[in-house]
Amino acid sequence: MNEMTPTKSERAAALKGLGTSRKRVEDSRFTQGKGNYIDDIKMPGMVFGDFVRSPYAHARVKSINAEKALELPGVIAVLTAADLEPLSLHWMPTLAGDKQMVLADGKVLFQGQEVAFVVAEDRYIAADAIDLVEVDYEELPVLVDPMKAELDDAPILREDIADQKAGAHGARRHPNHIFTWEQGEKEATEAVLSGADVVAEETVYYHRTHPCPLETCGCVASMDKVNGKLTLYGTFQAPHVVRTVASLLSGIAEHNIRVVSPDIGGGFGNKVGVYPGYVCSIVASIVTGVPVKWVEDRMDNLMATAFARDYWMTGKIAATKEGKITGLWCHTVADHGAFDACADPTKFPAGFMNICTGSYDIPTAYLAVDGIYTNKAPGGVAYRCSFRVTEAAYFIERMIEVLAIKLDMDAGELRKINFIKKDQFPYNSALGWEFDSGDYHTAWDKAMKAVDYDGLRKEQAERVQAFKNGETRKMMGIGLCHFTEIVGAGPMKNCDILGMGMFDSCEIRIHPTGSAIARLGTISQGQGHATTFAQILASEIGISADDITIEEGDTDTAPYGLGTYGSRSTPVAGAATAMAGRKIRAKAQMIAAYLLEVHDNDIEWDVDRFVVKGAEERFKTMKEVAYASYNQEIPGVEPGLEAVSYYDPPNMTYPFGAYVCVMDIDIDTGEHEIRKFYALDDCGTRINPMIIEGQVHGGLTEALAIAMGQEIAYDEMGTHKTATLMDFFIPTAWETPHYETDFTETPSPHHPIGAKGVGESPNVGGVPAFSNAVNDAFRAFGVNHTHTDMPHDHWRIWKTARDLGMHD
Amino acid sequence: MIPGTFEYYRPSDLPEAIKLLATHGDDARVMAGGHSLIPMMKLRMADIPHLVDLQDIDALRGIEVSSGTIRIGAMVTQHELIADEALLKAAPIIREAALQIADPQVRYVGTVGGNVANGDPGNDMPGLMQCLDAVFTVQGPDGARDIAARDFYEAAYFTARADDEILTSVSFKPQPGGYAYEKQKRKIGDYATAASAVLIARDGKVCSGASIAMTNLSDTPIYSDAASQALIGSDLGADAVSAAVDAALAEIDPAEDGRGPIEFKKHVAGVILRRAIERAISRA
């Protein structure tokens with residue numbers, strides 16, 4: 001070997017594979033405004049659709065008169081439920097086993113509900129025409145509070161199913177009741193509670209909010225009547241599922257439907273579901289014979305497409321007087337709005353809420369979730385989290401704090417006593433999950449040391465004293481959180497969406513000159529898939545990530561997959577990518593052995609090449625093998641170098657992390673300042689540290705928003721109060737604090753490369769960390785003060801201080 | 001979020017703009033930066049068939065600072081206010097307040113005239129102008145007239161400007177002494193939960209002049225003469241400050257909204273005003 005021959009580590013570095021902070025290949029187009037989003041798509045003859053929406057939360061629709069709208073020049077059609085009914089498209093199935101109105105069928109059930117679809121030559125005419133559609137409403141009593149849904153005088157919302165005693169998830173006890181979902185051991189848990197040294201109780205409301213991606217939802221539907229093919233461009237987090245659902249709903253054969261997700265400007269769960277706008281656009285294109293575009297505005301997005309959270313969680317947590325947790329009980333009232341359109345795996349009506357035992361070894365537990373209809377928009381999507389995992393993490397991390405107060409213990413110490421120990425993995429939780437791996441104590445100790453936890457508590461004690469001495473009006477809160485997620489849905493044995501198993505896929509084609517294209521069943525919405533999946537593949541097949549194109553989102557070319565949400569892309573499609581890469585390598589090994597004139601078993605893989613064992617100067621690079629695979633006759637081996645893998649994960653992955661937030665709170669104005677936010681994430685094998693850090697920053701900022709001000713609020717008439725960005729809080733750089741990121745690395749034992757997923761961890765762990773900091777700031781000021789609900793905006797923080805007598 | 005149809009005009013001088021208003025009457029509105037009017041049009045809460053854009057009228061631009069008076073053209077942007085060094089010297093409270101309006105993008109387009117003329121109780125400049133005892137000059141078909149900022153606001157979105165008049169400039173005297181503009185808001189870009197503008201002059205240990213105004217705590221800006229009088233002649237000690245705060249709070253009438261209930265706003269108004277007075281004293 002001479003000086004010019006690259007060393008093994010130089011060859012590995014040139015691949016830009018696993019562990020490299022490779023710059024995002026997507027960003028050159030995004031930062032130059034050259035992305036191709038749904039509203040950038042223009043087709044010849046394209047027309048525009050827009051909705052007449054209900055001003056009322058609950059009303060009967062007595063008549064719809066579109067005459068004046070149709071007289072407006074440029075208006076092509078006005079669709080109502082009566083027009084969709086002959087096609088059986090006036091209602092559609094939801095992902096949760098319910099059905100929802102596409103257009104108001106006799107009544108409206110939430111403010112902003114779609115009543116009629118106006119199709120016009122341009123969006124200005126469509127907007128004018130909306131005002132000309134005359135709808136005669138008869139207002140009905142409104143149900144806003146889910147706690148009042150089953151009272152005698154509660155209005156019955158869903159008259160279509162009022163008589164059905166059972167729904168998709170079992171018995172219904174009232175027309176406004178959707179399901180009861182029970183997990184764990186009820187009697188055993190109650191026995192533990194009644195015999196416990198200490199039981200802490202609290203009701204924790206995780207308020208309604210909204211993913212509010214930068215780009216709203218939209219689509220362009222184009223029915224080609226000549227060849228019978230429907231092309232549907234849209235903001236879809238799961239394009240293949242949309243194709244199948246579109247086929248089942250419309251009766252158009254699946255091979256005649258092409259669904260394309262172009263660049264997507266953020267999804268966060270908002271773009272998983274199927275919305276009336278998609279259905280109406282398809283129908284309108286079939287009716288008019290020209291492409292139809294529909295794109296929400298911000299108010300439409302905040303009022304009508306899927307919200308998140310809205311869980312009222314009542315908990316009881318039992319422990320010995322030394323602080324060892326013995327049992328956990330949780331009852332949740334889940335406000336689903338007017339239709340149960342939660343985007344969960346079908347068998348999980350409350351998602352993975354049963355991860356609510358958190359990071360703790362809790363021997364006995366019980367969870368019941370009651371789904372309730374109210375006069376609010378449908379949704380219940382996983383906003384930057386796996387299905388209901390952030391609700392679960394918030395619940396347990398608040399309950400731990402409440403228990404610490406009851407025990408008069410340090411909340412950090414209480415966590416340490418109860419963590420699942422490293423040698424207990426794989427760990428079977430009381431609510432039915434097998435946690436694949438974890439090392440919580442190592443992560444926690446590292447976090448506590450990094451923030452100088454003891455020093456912080458000492459400073460906090462001094463601050464309390466200073467307040468009592470009248471020297472300060474600013475309190476200091478230390479927000480702790482250790483979360484465990486469950487992501488990567490999921491094993492087909494228990495995870496499906498409308499019967500479609502939640503596998504994912506990757507198809508790789510190596511070109512003769514040694515570059516490659518890989519296509520996946522997922523779709524990036526900003527996560528950087530084109531960067532990171534190429535890195536996985538680079539490490540598997542020895543071709544530089546720069547020479548690998550990643551493509552997603554076109555159902556005509558990509559292999560079938562269930563899409564991107566619930567942090568499933570890396571755990572499932574990332575695994576498929578590695579497995580497909582290994583198939584490539586297996587075939588390449590046969591070719592290399594032939595070229596090197598040795599037996600297959602006499603060569604071994606070495607970064608980017610096969611070398612003859614014991615004679616590493618004799619080798620064939622993957623690039624050489626690729627060329628030979630197309631251009632040389634290899635006995636017994638087909639030409640070409642391609643592979644496809646459909647990966648059914650054997651288990652979920654369980655990322656975890658330890659977060660600490662230090663916050664100063666002005667008790668007179670309710671303002672806060674985040675002095676420190678430390679986030680340690682363990683997402684298993686780290687594919688691209690820079691992208692991980694970016695994901696953590698973004699997720700924490702959404703968590704900050706949710707915890708400190710962001711909410712979807714309704715008044716008692718069901719009128720939406722937060723439908724613009726003036727009132728719906730999206731942090732700017734100004735409100736966003738500095739974040740310190742850190743990590744431990746506990747690979748997933750069942751994932752081909754040990755990766756667990758990270759995009760959602762910071763939202764799951766961040767919300768409790770921020771909220772715990774606020775609550776912790778008041779811990780010294782009220783014996784009975786254990787909890788205040790989010791969002792912790794100025795006036796609510798101020799109210800807590802006032803209620804504790806701190807303004808006196 | 002798509003406005004109805006409207007005619008767009010971009011006159012190059014003031015007489016032309018005034019003539020457009022005379023011609024179209026109630027159907028016409030002038031637009032300065034457009035940050036308030038355009039969203040209202042997009043929400044279809046404002047129907048403006050004839051929109052008169054003032055941005056090409058040079059006579060409405062420019063900041064003139066002389067020893068006796070400061071004149072700011074109605075189309076001067078908040079960014080220009082912040083950047084003007086002579087203005088900073090003559091009335092530093094202007095920069096302090098302007099920096100708390102929205103964000104840089106908005107401030108590049110948002111204007112003084114639009115901010116004071118719209119009559120939106122959430123805008124910061126009306127309270128500031130009352131604190132400065134500014135005079136607004138309006139021009140209509142019958143010529144120009146001056147209106148004191150303290151007499152300009154009648155109710156939310158109702159002002160002493162007639163429909164056929166255009167606000168052309170604001171003028172006020174240079175302000176030596178202490179100053180402060182204190183504002184609490186939920187986030188960048190938000191209107192004030194409570195805001196206070198305070199000017200204090202001191203002659204030795206005695207307060208020789210004071211002016212106190214508040215924003216978004218009533219349907220008009222609140223200039224509190226009683227609060228100002230509570231400070232004038234005093235030693236600016238704790239008792240005088242408390243008396244001024246109490247006097248000002250007696251004049252506010254906040255409404256509940258997404259920022260919080262009335263009780264909270266009243267409390268915060270007191271806190272913000274006290275901080276503003278104390279900061280102004282520290283600079284006097």
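In what follows, every heavy atom counts, from backbone to side chain, and hydrogens, waters and symmetry copies are set aside. Naming convention: chains lettered A, B, ... in sequence-line order (proteins, then strands); numbering from 1 in each chain.
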Worksheet entry | chain B interface, residue from A:Thr722, A:Asp131, A:Asp50, A:Asp793 that has the most non-hydrogen pairs under 4.5 Å | A:Asp131

Fill in: Straight-line distance of B:Asp190 CG to A:Glu735 CD, nearest 0.5 Å
9.5 Å

Worksheet item: What part of A:Ile130 is in contact with chain B, defined as an atom under 4.5 angstrom from a non-hydrogen atom: side chain, backbone, both or neither?
Response: neither

Discussion item. Taking OH in A:Tyr205 as the centre, count heavy atoms belonging to other residues, nucleotides or ligands within less than 6.0 Å. Is the count above 12?
Written reply: yes

Item to complete: Write down the atom of B:Arg186, the atom of A:Asp727, and the distance for their closest heavy-atom approach.
Response: NH2-OD1, 3.1 Å

Discussion item. A quick test of your reading: do over 12 heavy atoms of other residues, nucleotides or ligands sit less than 6.0 Å from CD of A:Glu471?
Written reply: yes

Worksheet item: By number, which residues in residues 794-805 of chain A have some heavy atom less than 4.5 Å away from chain B?
Response: A:His794, A:Trp795, A:Trp798, A:Arg802

Practice prompt. Specify which of B:Ile272, B:Ile2, B:Ile188 makes the most heavy-atom pairs with chain A at under 4.5 Å.
Written response: B:Ile188

Worksheet item: Taking the side chain from B:Lys187 and the backbone from A:Trp734, do they hold a donor-acceptor pair closer than 3.5 Å?
Response: no

Worksheet entry | Contacting region of A:Thr669 [heavy-atom separation from chain B under 4.5 Å] | both

Practice prompt. Run the salt-bridge test on B:Arg274 and A:Asp668 with the 4.0 Å N-O cut-off and return the result as yes or no.
Written response: no

Discussion item. Donor-acceptor pair, distance only, cut-off 3.5 Å: does the side chain of A:Asp297 make one with the backbone of B:Met1?
Written reply: yes

Worksheet item: Do the non-hydrogen side-chain atoms of A:Met299 and B:Leu43 ever get within less than 4.5 Å of each other?
Response: yes

Worksheet item: In this structure, are over 12 heavy atoms from other groups packed under 6.0 Å from A:Leu214 atom CG?
Response: no

Worksheet item: If you draw a 6.0 Å radius around CG in B:Asp246, do more than 12 non-hydrogen atoms from other residues or ligands fall strictly inside?
Response: yes

Discussion item. Is it the case that atom CG in B:Asp103 sees more than 12 heavy atoms from other parts of the structure closer than 6.0 Å?
Written reply: yes

Worksheet item: Should A:Asp128 and B:Thr5 count as side-chain neighbours, where that means a heavy-atom distance under 4.5 Å?
Response: yes

Review item, side-chain donor-acceptor pairs of residues 29-42 of chain B, under 3.5 Å, at least two apart:
residue, atom, partner, partner atom, Å
B:His35, NE2, B:Val106, O, 3.4

Discussion item. Is A:Asp300 close to chain B through its backbone or its side chain, or both, or neither, when contacts mean heavy atoms under 4.5 Å?
Written reply: neither

Worksheet item: Using non-hydrogen atoms only, which part of A:Asp666 is less than 4.5 Å away from chain B: side chain, backbone, both, or neither?
Response: side chain

